[in-house]
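All ligand and atom numbering here is 1-based and tracks the order in the structure. The analysis underlying the following values was restricted to heavy atoms, covering all of them including side chains, and did not include hydrogens, waters or symmetry mates. These numbers come from a predicted model, not from an experiment.
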Amino acid sequence: MPAILDGRKISKDIKGEIAQKVTSIKAEGKRVPHLAIIIVGDDVASHTYVNGKINACKEVGFDFTLMHFASTVSEKKLIKHIEQFNEDEDIDGFIVQIPLPEHISVERITESISPWKDVDGFTNQNFGSIVSRNQRLLPATPFGVMELIRRYEIQTEGKNCVVVGASRIAGAPLSLMLLQDGGATVTVCHKLTENLAGHTKKADILVVAVGKPGLITKEMVKEGAVIIDIGITRVEDTSRKSGFRLVGDVVYDTVAPIAGYITPVPGGVGPMTIVSLLLNTLKAYGVKNA
Ligand code: GUN
């Protein structure tokens, strides 16, 4: 059986480390790091993710602010609030949860966030900082994946890494980080890739970030490969009280027995994304209070 890349355990360890730092900050009589979250509309999954982020702040002792807008809010009004957060000395970092309603441009919203407070690492400046190797606030999901790989001492140098999915928040930045920091040989597959299995079968490390349950089957995976599943989709499950369960892009039950390491969904990458947000907030606090 494969070894599990246990994001829940590693994130708990890191939260313990952050909580200790908060305790020393308090002991010095200083104000604690403060994360703010903007959420628009009533998407149930987004509210669940945001609650996870707020609970993580509570666990480590950060201050937090939650600002909720109706889905009819104008882009102009949202940007006005973002500009206030940019100026607010008491807020170290903030995020705008996505997806946003269709009448609001994610690009314009993201670019109105100060790169120094962009703890999601979504702005062009922070994205570009991966390439320049003068890294600032790294995108939370890829940062979390790199930290998971590092803490399990998985070798990336010279390895064949195949990343399926080239999104702006996961696949694209992670492929750059595997190349720049990991020294891996990286192949990025996307919607237009021909013969996907031909690529995935060559992967020593296979990362999947598409959001399509069942995309990766055991026939597409090399024996002993490290499998990192970033996909997280709610599928109906009437046997559960909630009426749904969360599944990744990888067919876990048949892929896990042939994998070397694998991330479960849930409990793999998800908790690492949240803890990366906390680490970025601590970093943004440190820059301000240096
Ligand atoms: N929606 C899905 N993942 C994320 C994330 O990491 N940050 C934000 N802001 N929205 C998301």
Side-chain angles (χ1 to χ4, degrees), residues 7 11 14 35-57 62 64-69 71 73 75 78-79 81-82 85-86 91-102 104-115 117-127 130 136-148 165-174 177 207-213 228-234 246-249 263 265-281 283-284:
S11 68
I14 298 175
L35 172 70
I37 301 179
I38 295 177
I39 183 163
V40 180
D42 298 310
D43 179 67
V44 177
S46 289
H47 277 269
T48 306
Y49 295 138
V50 164
N51 284 340
K53 293 170 187 181
I54 300 273
N55 285 336
C57 284
F62 282 4
F64 60 90
T65 296
L66 177 62
M67 201 176 250
H68 178 209
F69 292 94
S71 58
V73 69
E75 187 177 298
L78 213 48
I79 290 179
H81 282 277
I82 289 172
F85 278 177
N86 285 342
I91 289 174
D92 301 291
F94 64 98
I95 67 165
V96 179
Q97 187 69 20
I98 51 177
L100 289 169
E102 271 186 14
I104 298 174
S105 152
V106 173
E107 175 73 18
R108 278 195 293 273
I109 291 298
T110 302
E111 286 311 307
S112 63
I113 299 172
S114 158
K117 294 195 176 186
D118 164 34
V119 283
D120 258 332
F122 285 175
T123 58
N124 289 334
Q125 278 206 41
N126 284 322
F127 188 88
I130 304 172
R136 301 221 302 232
L137 295 169
L138 295 172
T141 297
F143 179 20
V145 170
M146 293 302 286
E147 191 59 19
L148 194 59
S167 74
R168 181 73 163 74
I169 68 172
L174 181 56
M177 286 157 82
V207 183
V208 195
V210 175
K212 233 190 214 178
I228 303 201
D229 193 351
I230 300 182
I232 186 158
T233 306
R234 286 179 169 220
L246 296 173
V247 292
D249 293 340
T263 55
V265 176
V269 175
M272 294 304 296
T273 298
I274 295 186
V275 88
S276 302
L277 188 65
L278 300 178
L279 285 170
N280 273 345
T281 305
K283 189 168 182 184

Checklist entry - In Å, rounded to the nearest 0.5 Å, how long is the span from OG of Ser46 to CD1 of Ile37? => result 11.5 Å

Contact table ligand 1 N or O to protein N or O, d under 3.5 Å:
{"from": "ligand 1", "atom 1": "1 (N)", "to": "Gln97", "atom 2": "NE2", "distance (Å)": "3.3"}
{"from": "ligand 1", "atom 1": "1 (N)", "to": "Ile98", "atom 2": "O", "distance (Å)": "2.8"}
{"from": "ligand 1", "atom 1": "7 (N)", "to": "Asp120", "atom 2": "OD1", "distance (Å)": "3.2"}
{"from": "ligand 1", "atom 1": "7 (N)", "to": "Asp120", "atom 2": "OD2", "distance (Å)": "3.2"}
{"from": "ligand 1", "atom 1": "9 (N)", "to": "Val96", "atom 2": "O", "distance (Å)": "2.9"}
{"from": "ligand 1", "atom 1": "9 (N)", "to": "Asp120", "atom 2": "OD2", "distance (Å)": "2.6"}
{"from": "ligand 1", "atom 1": "10 (N)", "to": "Ile98", "atom 2": "N", "distance (Å)": "3.0"}

Item to check | Results of salt bridge (Lys or Arg N to Asp or Glu O under 4.0 Å) for Glu111 - residues two or more places apart only | outcome: none

Checklist entry - Have Arg136 and Thr123 got a donor and an acceptor in their side chains that come within less than 3.5 Å? => result no

Checklist outcome for this item: For Ile82, the side-chain contact (heavy atoms from CB on, under 4.5 Å) test, sequence neighbours excluded, returns Ile38, Asn86, Phe94, Val96, Ile109, Ser112, Ile113

Item to check | Residues which pass salt bridge (Lys or Arg N to Asp or Glu O under 4.0 Å) with Asp92, listed by chain and number, not counting sequence neighbours | outcome: Arg31, Lys288

Checklist entry - What's the spacing between Cys57 SG and Leu277 CG if we round to 0.5 Å? => result 7.0 Å

